[in-house]
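The next block holds one structure in the form of structure tokens; read it before the comments.
All chains are named by letter (A, B, ...) in the order of the sequence lines, taking the proteins before the strands, and each is independently numbered beginning at 1. Only this structure's heavy atoms are used, side chains among them; waters, hydrogens and symmetry mates stay out. What you see is a predicted model; the values in this text were computed from it and never measured.
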Number of protein chains: 2
Amino acid sequence: MPDIRVLLVDDHPVVRAGLRAMLADFDGVTVVSEAADGGAALAELSRLNALGEPVDLVLMDLQMGRGMDGATATGRIKAGAAGTPPPPVLILTTYDTDADILAAVEAGAAGYMLKDAPPEQIRQAVLSAAAGQTALAPGVAARLMGHIRNPETALSPRELQILELLATGLGNRAIARQLFISEATVKTHLVHIYAKLGVDNRTAAIAVARQRRIIRDS
Amino acid sequence: MPDIRVLLVDDHPVVRAGLRAMLADFDGVTVVSEAADGGAALAELSRLNALGEPVDLVLMDLQMGRGMDGATATGRIKAGAAGTPPPPVLILTTYDTDADILAAVEAGAAGYMLKDAPPEQIRQAVLSAAAGQTALAPGVAARLMGHIRNPETALSPRELQILELLATGLGNRAIARQLFISEATVKTHLVHIYAKLGVDNRTAAIAVARQRRIIRDS
DNA sequence: GGCCGGATCAACCAATCGGTTGATCCGGGG
DNA sequence: CCCCGGATCAACCGATTGGTTGATCCGGCC
């Protein structure tokens with residue numbers, strides 16, 4: 001039974017060192033290479049494929065400083081940009097917003113773990129993802145289930161879009177202009193957003209949305 | 001010349017593993033113990049002091065999930081809560097807001113490094129801090145210098161207080177009530193805040209303040 | 001004493017926001 | 001066909017915010 005060959009992708013040297021050390025303790029897992037952002041990960045996957053040394057699993061963060069982010073890279077990998085069959089991608093990150101989780105899952109990530117997870121959980125996730133199964137951190141799984149279970153409090157895609165623009169500092173008229181809709185439509189969506197979040201003004205909506213990880217920094 | 005004895009404090013096992021591995025490569029540095037939050041760090045320092053095995057340097061994150069945060073722990077350590085002479089504290093974190101840096105510096109941290117720093121920079125910082133010198137990441141030093149150099153764009157303490165309340169979702173009247181001032185005073189401060197941040201509405205002020213690390217999550 | 005920054009307060013008015021009511025259209029599902 | 005959710009739009013009015021002008025007081029500094 002050959003080892004699971006893993007590519008580590010994280011912009012923090014400390015984290016890569018920690019993962020290297022942690023995975024070295026896992027039987028059946030070998031770190032074959034590393035990259036500091038999504039672009040470098042794609043290049044490294046291509047390089048290893050060309051050498052006939054394909055990777056079995058990509059373990060990757062979402063945010064990579066100024067480099068290509070993990071969700072974009074996941075989409076590219078799943079689309080075969082670095083060779084086929086594309087290896088599964090396991091996200092390991094500090095970010096647990098709904099938007100982050102959904103973006104990664106939609107991009108094709110096989111799993112989503114948080115960096116505060118103990119080694120044993122990460123080991124299980126690595127084995128599951130490499131075996132083609134889904135691997136979600138308990139908190140992440142709970143959030144997705146909560147999202148499905150409480151649709152009345154979930155914002156619609158359009159509502160989320162407007163909330164994100166609101167949080168960048170745009171007023172109603174500017175949001176309307178950007179989305180080619182009327183200001184009345186923006187106000188209607190805001191009424192719905194406030195009701196769903198249980199608030200009565202825009203700054204409170206932003207605060208609650210940030211607190212609940214519905215949005216985060218742009 | 002005995003090794004510098006280091007206590008690692010970080011809530012993420014991955015990061016602790018990475019630091020352990022990284023510091024193992026530094027000549028003259030030994031990781032003697034670890035803790036997952038500020039409270040555990042204080043207890044561990046006390047325990048090692050009682051064993052006659054004092055720590056030379058605490059390498060600590062700021063945010064520790066639900067445990068005691070790094071700035072509070074730093075203040076306690078410097079106040080002698082875990083024994084004297086208190087060891088220097090080197091902060092290693094992802095957070096680089098003005099408020100975070102100032103809080104840690106005011107609490108008595110000997111240095112402030114960011115987690116994206118390469119190993120050699122971390123090594124230099126460890127050696128400097130253990131030797132009683134200041135160790136600041138280049139970006140952090142630049143922020144502090146910028147802060148001193150551009151006082152006209154720096155918010156006054158009262159302005160910052162109002163901005164923070166604004167970001168929690170309070171309207172002018174609620175802020176006024178909380179601070180026992182008039183709504184006119186709140187509006188006057190907001191005028192000043194908007195001018196300093198170069199914006200013309202409250203959501204933009206919050207967004208810019210977050211972007212510039214003037215405020216962050218409450 | 002004068003100057004400055006910071007904090008406080010008021011009045012006034014225009015602009016924007018929030019709330020309400022009402023409506024239409026579309027697509028999907030039963 | 002009906003129902004529902006989602007998206008879009010309008011009108012109206014009250015509430016809040018933003019902008020402007022003006023003022024006072026305090027503490028620190030020269």
Tell me, do [X] and [Y] make a side-chain contact under 4.5 Å, heavy atoms counted?
X	Y	answer
Tyr194(A)	Asp200(A)	no
Ile175(A)	Glu183(A)	no
Pro54(A)	Asn49(A)	yes

Assign a letter to each nucleotide of nucleotides 9-15 of chain D from its 5' end: B, base within under 4.0 Å of a protein heavy atom; S, sugar-phosphate only; -, no contact. BB-----
Taking the nucleotide of DNA chain C with the closest heavy atom to each, which residue, Arg158(B) or Asp200(A), is nearer the 5' end?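 Nearest-nucleotide comparison on DNA chain C picks Arg158(B).
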Taking [atom1] from [X] and [atom2] from [N], how many angstroms apart are they, rounded to a whole number?
X	N	atom1	atom2	result
Leu197(B)	dG18(D)	CG	C1'	15 Å
Arg202(B)	dG19(D)	CZ	P	11 Å
Leu155(A)	dG6(D)	CG	C1'	13 Å
Asn201(B)	dG18(C)	CG	C1'	15 Å
Ile175(B)	dT16(D)	CD1	C1'	12 Å
Leu160(B)	dA7(C)	CG	C1'	15 Å
His192(A)	dA7(D)	NE2	P	10 Å
Glu159(A)	dA7(D)	CD	C1'	10 Å

Among dT17(D), dG19(C), dT8(C), find the nucleotide with the atom closest to the side chain of Tyr194(A).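 Comparing dT17(D), dG19(C), dT8(C) against the side chain of Tyr194(A), the answer is dG19(C).
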Do any side-chain nitrogens or oxygens of [X] fall under 4.0 Å of OP1 or OP2 in [N]?
X	N	result
Asn172(B)	dT17(D)	yes
His189(A)	dT8(D)	yes
Ser156(A)	dA7(D)	yes

How close do Ala167(A) and Ala207(B) get, heavy atom to heavy atom, and via which atoms?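 Of all heavy-atom pairs spanning Ala167(A) and Ala207(B), the closest is O-CB, 3.4 Å.
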Run the salt-bridge test on Lys115(A) and Asp10(A) with the 4.0 Å N-O cut-off and return the result as yes or no.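 Salt bridge between Lys115(A) and Asp10(A), a charged N being under 4.0 Å from a carboxylate O: yes.
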What I want to find out is whether Asp37(A) reaches Arg66(A) closely enough, with some N-O distance under 4.0 Å, to be called a salt bridge.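 No salt bridge links Asp37(A) with Arg66(A).
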Thr185(B) and Thr188(B): side chain donor to acceptor below 3.5 Å: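 Distance-only check fails for Thr185(B) and Thr188(B).
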